[in-house]
Undergrad: 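Submitted below is the structure of interest, expressed as structure tokens.
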Amino acid sequence: WFPLESLQKSDLLLSMRSLGLQISLNWDVLIACAQSIDEKGRSASESVKERAKECGRELLTFLDQNFSKYFPEVAKTESKKSSMLKRMNAILFDDPEKKKKEAEEQAARKALLLSLEWVPVLTFPPHPLLPWLEGFKSSPVASPISTIDRDNMWLFSSSHRIIDGRIQNEDLRVMFGWCDKFSINNIATQLCNLSDTFERLLKASQSEEAESTSAIDGRSLCRVVTSHISSLYNELDKACTSDEKDLIQT
């Protein structure tokens, strides 16, 4: 990590660079940062967990802005002409064994980065009707492959952590699995949990203690649940065969 603010002076930084202070992030440092966040996120201290989330947000922003540098094999920024020249050079001059080894090393780095818990996530539901697992409240960071963006939270909040932030780079979203085909089981589970949450909150809103136990009234609950249940059924209609629909309904 970068030095303390008290050490961020030009003369001190120059001396520290001569002693080994890194001025850019290579893959080893990137993985070390993610591992450090993962470790902090498992701490029993709430302040340490909060620090892990802050660091995770910084790392996520960094990757969002510098994706092509660390994942050139999947970044879509090259022109067709440039890409063709690289392929021709690779055929003529590249060592196949070296190329294979580099690809394997890159795949291993990518798999490790996707498995570590470093992405900042919400610990409490942004809406009282949104299905939420109790275990989600204990950790402010999660692995990229277990997260989803807020745009899809009503589809996957039962099975995925909701990212606390925004990713603009489409290639990074793809790498995190956010553009993969929807899982029928996850959507069906979300549908059941949304129904259960609605029934629980509706009963609370109708009880004598409604004012203290429910943040929204029954009519608001009905409007929200109607909107999102129809979206869930639409996704099931697009993804399921008729046999799968019958199985889910049973």
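From a predicted model like this one, the values you see are computed outputs, not experimental measurements.
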Undergrad: Between Met175 and Leu114, does a side chain to side chain contact (heavy atoms under 4.5 Å, CB included) hold up when you go through it step by step?
TA: CA-CA 9 Å; Met175 193 180 80; Leu114 292 177; 4.1 Å; yes
Undergrad: Do Asp151 and Arg166 sit within salt-bridge range, that is, some charged N less than 4.0 Å from a carboxylate O?
TA: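 Salt bridge between Asp151 and Arg166, a charged N being under 4.0 Å from a carboxylate O: yes.
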Undergrad: Please lay out, stage by stage, how Lys137 and Glu134 fare under the test salt bridge (Lys or Arg N to Asp or Glu O under 4.0 Å).
TA: CA-CA 6 Å; Lys137 300 176 182 179; Glu134 191 65 26; 3.4 Å; yes
Undergrad: Keeping the roles fixed (side chain from Asn193, backbone from Pro131), state whether a donor-acceptor pair exists under 3.5 Å.
TA: no
Undergrad: So, Ser146 side chain and Ala142 main chain: donor-acceptor pair closer than 3.5 Å or not?
TA: no
Undergrad: Can you sort out the partners of Trp178 under ring-ring contact (aromatic ring centres under 6.0 Å, His included), two or more places apart, ordered by chain and number?
TA: Phe176
Undergrad: Filter on salt bridge (Lys or Arg N to Asp or Glu O under 4.0 Å), then keep only pairs touching residues 183-196, sequence neighbours left out; what's left?
TA: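 Matches after skipping sequence neighbours: none remain.
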Undergrad: Who passes salt bridge (charged side-chain N to carboxylate O under 4.0 Å, His left out) against Lys101, sequence neighbours left out?
TA: none
Undergrad: For the residue pair Ser47 and Ser45, confirm or rule out a side-chain donor-acceptor distance under 3.5 Å.
TA: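 Result is yes, a qualifying pair exists.
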Undergrad: What's the spacing between Leu112 CG and Ser143 OG if we round to 0.5 Å?
TA: 11.5 Å
Undergrad: Are Leu116 and Val121 in one and the same hydrophobic cluster, where Ile, Leu, Val, Met, Phe, Trp and Tyr link if side-chain heavy atoms are under 4.5 Å apart?
TA: no
Undergrad: Look up atom CD1 in Ile184 and atom OG1 in Thr189, then write down how far apart they are to the nearest 0.5 Å.
TA: 11.5 Å
Undergrad: Quick one: list whatever passes ring-ring contact (aromatic ring centres under 6.0 Å, His included) with Phe156, sequence neighbours left out.
TA: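 Applying ring-ring contact (aromatic ring centres under 6.0 Å, His included) to Phe156 gives His160, Phe182.
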Undergrad: Check Ser158 against Phe136 and note the closest heavy-atom contact, atom names and distance.
TA: O-CZ, 4.4 Å
Undergrad: Got a donor-acceptor contact below 3.5 angstrom from the Ser230 side chain to the Ser227 backbone?
TA: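 Indeed, once roles are kept as given, a pair shorter than 3.5 Å links the two residues.
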Undergrad: Nearest 0.5 angstrom please: Leu172 CG to Ser68 OG, how far?
TA: 11.5 Å
Undergrad: Would you check if Leu30 and Leu63 make a side-chain contact, meaning some heavy-atom pair closer than 4.5 Å?
TA: yes
Undergrad: Applying salt bridge (charged side-chain N to carboxylate O under 4.0 Å, His left out), can you list everything that pairs with Arg150, at least two apart in sequence or on another chain?
TA: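 Salt bridge (charged side-chain N to carboxylate O under 4.0 Å, His left out) list for Arg150, sorted by chain: Asp164.
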Undergrad: Are Ser159 and Gln190 linked by a side-chain donor-acceptor pair shorter than 3.5 Å?
TA: no
Undergrad: Walk me through it: do Thr197 and Leu130 pass the test side chain to side chain contact (heavy atoms under 4.5 Å, CB included)?
TA: CA-CA 7 Å; Thr197 305; Leu130 191 69; over 6 Å; no
Undergrad: Can you give me the closest heavy-atom contact between Leu129 and Phe198, atom names plus distance?
TA: CD1-CA, 3.5 Å
Undergrad: Can you find a heavy atom in the side chain of Pro120 that is under 4.5 Å from one in the side chain of Leu60?
TA: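 Yes - at least one pair of side-chain heavy atoms lies under 4.5 Å apart.
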Undergrad: Testing Glu102, Arg109, Lys110 one by one against Gln106 for a side-chain hydrogen bond (donor to acceptor under 3.5 Å, both in side chains), which residue passes?
TA: Arg109
Undergrad: Where do Ile163 and Asp149 come nearest, in terms of heavy atoms and distance?
TA: CG2-CA, 3.6 Å
Undergrad: Looking at residues at least two apart in the chain, or sitting in another chain, which of them share a salt bridge (charged side-chain N to carboxylate O under 4.0 Å, His left out) with Glu54?
TA: Arg51
Undergrad: Under 3.5 Å, side chain of Asn66 to main-chain N/O of Phe62, donor-acceptor pair present?
TA: yes
Undergrad: Taking all non-hydrogen atoms of both residues, which atom of Pro140 and which atom of Ser138 are closest, and how far apart?
TA: CD-O, 4.2 Å
Undergrad: Working to the nearest 0.5 Å, report the span between CG of Asn234 and NE2 of His228.
TA: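 It comes to 13.0 Å.
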Undergrad: Go through it in stages, so that I can follow the logic: the residues are Lys49 and Lys40, the test is side chain to side chain contact (heavy atoms under 4.5 Å, CB included), and I'd like the CA-CA distance, side-chain angles, deciding distance and then a yes or no.
TA: CA-CA 6 Å; Lys49 286 183 178 181; Lys40 286 182 173 66; over 6 Å; no
Undergrad: Are Asn152 and Leu155 packed together at the side-chain level, in the sense that at least one heavy-atom pair is separated by less than 4.5 angstrom?
TA: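 A side-chain contact exists here, since the closest heavy-atom pair is under 4.5 Å.
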Undergrad: Shortest non-hydrogen contact from Leu113 to Ala34?
TA: CD1-CB, 3.9 Å
Undergrad: How far apart are the closest heavy atoms of Ile162 and Ser157, and which atoms are they?
TA: CD1-CA, 4.2 Å
Undergrad: Below 4.5 Å, heavy atoms only, C-beta onward: do Ser139 and Arg161 meet side chain to side chain?
TA: yes
Undergrad: Where the side chain of Thr226 meets the backbone of Cys222, is there a donor-acceptor pair that is under 3.5 Å apart?
TA: yes
Undergrad: Any side-chain to backbone donor/acceptor pair from Ser36 onto Ala32? Under 3.5 Å, distance only.
TA: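 The answer is no, because no donor-acceptor pair under 3.5 Å joins these two groups.
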Undergrad: Are Trp118 and Val48 connected in the hydrophobic side-chain network, where two residues link if heavy atoms are under 4.5 Å apart?
TA: no
Undergrad: Show your working on side chain to side chain contact (heavy atoms under 4.5 Å, CB included) between Val141 and Asp38 and close with a plain yes or no.
TA: CA-CA 7 Å; Val141 289; Asp38 183 297; over 6 Å; no
